[in-house]
Amino acid sequence: MARYDRAITVFSPDGHLFQVEYALEAVRKGNAAVGVRGTDTIVLAVEKKSTPKLQDSRSVRKIVNLDDHIALACAGLKADARVLINRARIECQSHKLTIEDPVTVEYITRYIAGLQQKYTQSGGVRPFGLSTLIIGFDPHTGIPSLYQTDPSGTFSAWKANATGRNSNSIREFLEKNYKETSGQETLKLAIRALLEVVESGGKNIEVAVMTKDHGLRQLEEDEIDAIVAEIEAEKAAAEAAKKSPSTKET
Amino acid sequence: MGASGETGDRAQFTEYIQKNVALYQFRNGIPLTTAAAANFTRGELATALRKNPYMVNIILAGYDKETGPSLYFIDYIASLHKVDKAAFGYGSYFALSMMDRHYRHDMTVEEAIALVDKCIMEIRSRLVVAPPNFLIKIVDKDGAREYAWRESIKDTPVSAA
């Protein structure tokens, strides 16, 4: 195995590309990111690891715009993310210039995934160490979409997904609790999912909401705190409701 | 951005500038200032000048929150001037004279529209090859918008044979 994991272009005897799998490991160590698709709203929420006191947190934006109607969040190597995001932004404008139409979410996802794949099949390069969650509204039909890409270059559409640290537990939570939501409900579902693995509080989560009419909106810390408080209150009420029937029995 | 010149170059170049200005905004989180956009435009014209020149003349208008409105004159050989009034083409001989006579730096929007109308009137009466229709746009703190058309020849429905 040691001989098959140095160069990316070499398969191992049992069909693995070890460099790609190691890239996925890097993603697993990155901060948690959640995306939830509603009927008229799509939400991205990303874990914000404790910011150093002297750092200006406004310069570390984890959820970015690719175009007026497309946004991206990622987990993994942030420097690799910068390169990918830059190329995607250029492609969004280039597409508008030549095709005279904004990109569809699927197009730009395919582009980013294609880029990630290219770097798994070249000599002397390593794969991008990040998975992305791409959200947006189709510019013609207005249908919301959520896509995920990973270092191997595969991509698929999701109703809700998570990547990065503890993504499996978040996905389990989403599988249990997902239902078609809209507006504020979608936002609450996304934050609830992220709170499964992240310390609660506005300063530990970065949340952005995309709607057809207003594009991407980053939530302020106090807005997030308010919603977190609402969620905790709902959780407490649910716990109390569960407990009270049993006390009646005694 | 108002442009005149070779038709293909006009469309290609202005759309290219538009998309690059948008790209800057996504990359950097803030819009380009008017001065920066003007200098970028001139730079692109200058780079292409000695190889494959764009035959496009441009009047660039923009509004910045800090510095207010500004107007830039950029011609096809990549000269750049920040100006209060500008015109291109054969009609410019008449329009510029009109503006020399009537322009004041403290004009209101209504007075400015009146001056534009005076220029249009001159162009219509003096130019042999005068264009029939004019479109007036305004750029201010609320962005760029169409203000009015001045049409000599309207689209008329043609009755069926």
Side-chain angles (χ1 to χ4, degrees), chain A residues 44 56-74 78-103 105 107-109 111-112 115 132 134-137 139 206 208 210 213-220, chain B residues 1-34 36-48 51-56 58 60 62-66 74 135 137 139 141-146:
Chain A
L44 282 173
D56 186 350
S57 54
R58 289 169 306 172
S59 65
V60 192
R61 280 256 158 264
K62 304 221 168 139
I63 306 173
V64 295
N65 256 326
L66 295 183
D67 203 343
D68 296 314
H69 61 302
I70 312 247
L72 175 148
C74 56
K78 287 296 181 268
D80 287 2
R82 238 184 16 241
V83 172
L84 225 52
I85 289 168
N86 201 24
R87 300 280 289 272
R89 280 175 170 157
I90 294 174
E91 180 61 23
C92 283
Q93 297 307 315
S94 176
H95 186 278
K96 267 206 260 203
L97 185 59
T98 48
I99 314 286
E100 291 234 334
D101 259 340
V103 295
V105 192
Y107 177 92
I108 198 66
T109 307
Y111 177 80
I112 293 176
L115 212 47
T132 67
I134 301 167
I135 63 170
F137 288 87
E206 189 176 312
M210 177 167 275
D213 303 315
H214 302 288
L216 188 74
R217 191 175 70 90
Q218 309 264 8
L219 263 57
E220 304 277 325
Chain B
M1 190 184 283
S4 72
E6 194 64 55
T7 324
D9 283 351
R10 195 183 69 216
Q12 293 279 68
F13 184 72
T14 52
E15 286 174 12
Y16 173 72
I17 299 293
Q18 248 188 338
K19 300 306 180 264
N20 272 286
V21 168
L23 182 61
Y24 180 95
Q25 182 160 352
F26 284 111
R27 269 200 185 134
N28 299 288
I30 52 167
L32 267 177
T33 59
T34 313
N39 277 284
F40 171 68
T41 306
R42 180 219 105 87
E44 290 297 309
L45 284 167
T47 310
K51 291 202 177 85
N52 188 11
Y54 293 104
M55 305 297 278
V56 194
I58 290 171
L60 186 83
Y63 184 93
D64 303 304
K65 214 159 57 145
E66 295 82 19
I74 308 168
L135 169 63
K137 283 191 171 175
V139 179
K141 61 173 169 42
D142 304 315
R145 61 186 181 280
E146 265 185 40

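Chain identifiers are assigned alphabetically (A, B, ...) following the order of the sequence lines, protein sequences preceding nucleic acid strands; residue numbering begins at 1 within each chain.
Counting heavy atoms of neighbouring residues, nucleotides and ligands inside a 6.0 Å radius, atom CZ of A/Arg82 does not exceed 12 of them.
The distance from atom CD1 of B/Ile17 to atom CG of A/Leu97, rounded to the nearest 0.5 Å, is 10.5 Å. Note that CD of A/Gln93 is 9.5 Å distant from CD of B/Gln18, once rounded to the nearest 0.5 Å.
Contacts between A/Ile85 and chain B at a heavy-atom distance below 4.5 Å are absent for every atom of the residue.
Among B/Gln12, B/Lys19, B/Glu15, the residue with the largest count of heavy-atom pairs under 4.5 Å with chain A is B/Lys19.
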